[in-house]
Amino acid sequence: MRLMADRRGSQGPGWGSGRGRHQDAQMMPLPGAQRNQAPRTRTMPTRPPQQPPQRPPRPPTQRGGQRPMPGGGRKRWGFRRVASLIAIVLVALLVAMWLYLEFSINRVDALPDYEGKPAAAEGTNWLIVGSDSRAGLTPEQVKRLRSGDESAASGQRTDTIMVAHLPDNGTKPTLVSFPRDSQVDIPGHGVNKINAAFSFGGPELMARTVEQATGLRIDHYAEIGFGGFARIVDAVGGVEMNIPEKMVDTKTGVTIPKGKQELDGAQALGFVRMRHSSATPRSDLDRVINQRKFIGALAGELSSPATFLNPFDVVPLLGAAPDALTIDEGDHLHNVVGLGWAMRGISSGGTVTTTVPVTSGSATNWDPAKSEQLFNALRNDKPIPKDVIVN
């Protein structure tokens, strides 16, 4: 009995119940289990730990704190980038040239108001004067240009007097030459040769004389002297002309051979002034025709891209133009460019050229009826009648 009591006591509470037996079965391992098998444990699947997103490493900086460019740090220059850079440089150069000329060209008060000044009409009129002044020329330059004795030109006259009419409508521009010996009334000096007005009163009296004689209001003024004319021609590398026959000036000795050729400054000056030659039998009437031809060729040369995009032409031209050209105080470079653009049509027939109709070969007196027809057509922007065109 004691044995049974001890056995029951050793079992403890719950002996005989299923729960107790189950618990005892679970708690008591089988013999040798610890040696042959590790205890089973239930493991739950776990996700790998998530790491915060990381930024890509920054490339090392160059000296000065700048990062290297892709492609080994070299900046690639494509065609568009190069073309854009070239365009910017060209525009900058053109702007610089424009400003330089705008503020460097000589100016004079040539067109002041006065009582009786003709009223403004259709179109725009330029007075173009070629001064025979030797001012600024050295004796060597005078000799090279064969412009004669400087004392003979102390009065400063002009061999070239023209009016360029630029219409407001579709009518062709017109370039009219005035023979230098034309007898007209010079305000304050009576009747005299028209070129004497420049000697008596300079640009102002010259412009007023032309206005009173023609009834045309002069809107712009341009003057060029001997030396300046020659320097401009040399600056553009000469002007190509086709000389129909050999020209020999019996007074100055200037000789220009026959055929197509490049005239340099001295030859060009001799060409536009020549009237004592067998090639100019009508004297001044032939000379003014040659002057218009040359102006057309020169204007075409100056407006050519081959000239203003060539630094070997542009640089000398920039040096020669300011001292060669004189314009009115109210004029600007864009006015001069507009004139040159219109005159380039002389060679191609896009500009009408004529001389004021005269009554004789001496070119001293204008034909009253025909000259009035000419000036009336210009005042009203109408085509010039063919029977009054003199070439």
Side-chain angles (χ1 to χ4, degrees), residues 77-106 126 128 130 136-137 141 144-145 160 164 166 173 175 222-243 256-257 259-272 290-327 331-351:
W77 290 84
F79 174 77
R80 291 185 179 180
R81 188 185 295 272
V82 173
S84 299
L85 180 61
I86 293 175
I88 292 173
V89 171
L90 288 177
V91 170
L93 287 175
L94 290 175
V95 171
M97 289 165 48
W98 188 279
L99 293 176
Y100 171 77
L101 290 174
E102 174 68 31
F103 293 103
S104 300
I105 295 177
N106 297 318
W126 276 86
I128 303 172
L137 294 179
Q141 289 173 326
R144 172 179 174 267
L145 298 178
T160 305
L166 311 183
L175 184 61
E223 175 191 332
I224 187 168
F226 274 2
F229 176 84
R231 284 193 295 269
I232 287 180
V233 174
D234 288 334
V236 298
V239 175
E240 185 177 275
M241 294 290 296
N242 189 10
I243 309 300
I256 301 175
K260 183 178 291 187
Q261 57 196 288
E262 293 277 347
L263 299 183
D264 62 19
Q267 291 173 319
L269 185 59
F271 175 74
V272 299
N290 289 336
Q291 290 173 350
R292 294 195 298 264
K293 288 180 180 178
F294 189 85
I295 287 177
L298 178 60
E301 189 75 30
L302 292 174
S303 62
S304 171
T307 297
F308 63 80
L309 293 180
N310 183 352
F312 295 101
D313 288 340
V314 170
V315 173
L317 186 60
L318 289 176
D323 292 333
L325 184 63
T326 299
I327 58 178
D331 293 333
H332 299 281
L333 185 59
H334 68 270
N335 302 125
V336 179
V337 172
L339 172 65
W341 189 257
M343 294 301 100
R344 83 193 193 286
I346 293 177
S347 301
S348 62
T351 300

task = Kindly give the heavy-atom pair with the smallest separation between Pro173 and Gly350, and that separation in Å.
result = CD-O, 3.6 Å
key: For Ala321 against Leu101, the heavy-atom pair lying closest together   = CB-CD2, 4.1 Å
ask   = Are any non-hydrogen side-chain atoms of Ile224 and Ile232 less than 4.5 angstrom apart?
value = yes
ask   = Would a 4.5 Å heavy-atom cut-off, applied to side chains only, mark Val236 and Leu302 as touching?
value = yes
message = Between Ile128 and Thr160, does the side-chain contact (heavy atoms from CB on, under 4.5 Å) criterion hold? Intermediate values first, please.
response = CA-CA 8 Å; Ile128 303 172; Thr160 305; 5.5 Å; no
request  = Please name the pair of heavy atoms, one in Ser104 and one in Pro322, separated by the smallest distance, quoted to 0.1 Å.
outcome  = O-CB, 3.6 Å
ask   = Got a second to check how far Met343's CE is from Leu166's CG, nearest 0.5 Å?
value = 5.5 Å
note = dist Phe229:CZ -> Leu325:CG (nearest 0.5 Å) comes out at 12.5 Å
request  = Measure the spacing between CG of Asp323 and CZ of Arg231 and express it to the nearest 0.5 Å.
outcome  = 6.0 Å
task = Test side-chain contact (heavy atoms from CB on, under 4.5 Å) on Leu93 and Val314 and set out the steps.
result = CA-CA 11 Å; Leu93 287 175; Val314 170; over 6 Å; no
Within 6.0 Å of CH2 in Trp341, more than 12 heavy atoms from elsewhere = no
key: CA sep, side-chain torsions, deciding dist, call: Trp126, Val336, side-chain contact (heavy atoms from CB on, under 4.5 Å)   = CA-CA 10 Å; Trp126 276 86; Val336 179; 4.1 Å; yes
query = Would you say the side-chain atoms of Ser84 pair up with the backbone N or O of Arg80, donor to acceptor, closer than 3.5 Å?
reply = yes
remark   = Contacts of Asn106 meeting side-chain contact (heavy atoms from CB on, under 4.5 Å) (sequence neighbours excluded), chain-then-number -> Thr326
note = Correct closest heavy-atom pair for Ala164 and Leu175 would be CB-CD1, 3.9 Å
Spacing of CG belonging to Asp313 relative to CG belonging to Leu318, to within rounding of 0.5 Å = 11.0 Å
key: Distance (rounded to the nearest 0.5 Å) between Ile295 CD1 and Leu339 CG   = 8.5 Å
remark   = Distance col, row Trp98:CH2 vs His332:NE2, nearest 0.5 angstrom, shows 11.0 Å
request  = Indicate yes or no: at least one non-hydrogen side-chain atom of Asn290 is less than 4.5 angstrom from one of Val272.
outcome  = no
query = Who passes side-chain contact (heavy atoms from CB on, under 4.5 Å) against Leu99, sequence neighbours left out?
reply = Val95, Phe103
query = Minimum heavy-atom separation for Gly340 to Ala299, with atom names?
reply = O-CB, 3.6 Å
note = Closest heavy-atom pair, Ala324 versus Gly228, reported as atoms and distance to 0.1 Å, is CB-CA, 3.3 Å
inquiry  = Applying side-chain contact (heavy atoms from CB on, under 4.5 Å) to Gln267 and Val239, what does each step give before you reach the verdict?
reply    = CA-CA 10 Å; Gln267 291 173 319; Val239 175; over 6 Å; no
